[in-house]
Structures are given as C-alpha cells and as structure tokens.
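Values below: every heavy atom of this structure, side chains too, minus hydrogens, waters and symmetry copies. Sequence positions, counted from 1, serve as the residue numbers for this chain.
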Amino acid sequence: MLEMLLMQYEDTFGEPFPLKKYEGHQEIELINLLFHCCNYGIPCSEVNEKELPNMFPDAPHRA
C-alpha cells in the first residue's frame with residue numbers, strides 16, 4: 001500500500017514525497033499521512049501530522 005500511495009502522491013503533486021524528512025516514522029504513520037494528502041489534495045508540508053486521525057486503526061503496527 002505504501003508504494004501505491006507514494007506513486008499517487010507524486011502523480012497528485014508533481015513531485016516525490018520527501019521520505020528522508022520522515023525517517024524514523026512507522027510505516028503506518030506514513031501510510032496515514034500519504035492517504036490524507038492524496039485524498040484531500042494537501043501536500044505534506046501543509047499537514048500537521050500530530051492532528052491527523054488514524055485512518056487505519058486496525059492495521060498492524062509496532063507500539
């Protein structure tokens with residue numbers, strides 16, 4: 001899913017998602033951020049990721 005969202009982000013915004021900026025984040029956090037950006041047309045630079053609702057609460061992740 002992550003790879004698909006990364007491609008969708010680049011198609012939507014005309015530039016690749018800045019993965020380096022998000023090193024150390026869990027994959028589910030990136031998926032949630034990318035999903036939000038692509039669905040609402042908001043680039044990641046304009047999103048306060050701390051205020052994002054978890055769009056995938058049942059997804060497996062490390063605590």
Exercise. Among all residues two or more places apart in sequence or in another chain, which pass the ring-ring contact (aromatic ring centres under 6.0 Å, His included) test with F35?
Worked result: F56

For this session: From the options I31, L5, L52, select the one residue that forms a side-chain contact (heavy atoms from CB on, under 4.5 Å) with H36.
Result: L52

Problem set entry | Shortest non-hydrogen contact from C37 toward P43 | SG-C, 4.0 Å

Exercise. Of all heavy-atom pairs between Q26 and E29, which one has the smallest distance, and what is that distance?
Worked result: N-OE1, 2.8 Å

Exercise. Restricting to pairs with a member in residues 1-23, which pass side chain to side chain donor-acceptor pair (under 3.5 Å), not counting sequence neighbours?
Worked result: none

Exercise. Measuring from Y40:OH to I42:CD1, what's the distance to the nearest 0.5 Å?
Worked result: 8.5 Å

Exercise. Quick one: side chain to side chain donor-acceptor pair (under 3.5 Å) pairs with a partner in residues 41-50, sequence neighbours left out?
Worked result: H25-E49, N48-E51

For this session: Find out if a path of hydrophobic residues (ILVMFWY) with successive side-chain heavy-atom gaps under 4.5 Å connects M7 to L2.
Result: no

Exercise. Could you walk me through whether L6 and L30 pass the side-chain contact (heavy atoms from CB on, under 4.5 Å) check?
Worked result: CA-CA 9 Å; L6 287 168; L30 293 177; over 6 Å; no

Problem set entry | CD1 on I28 to CE on M55, rounded to 0.5 Å | 11.0 Å

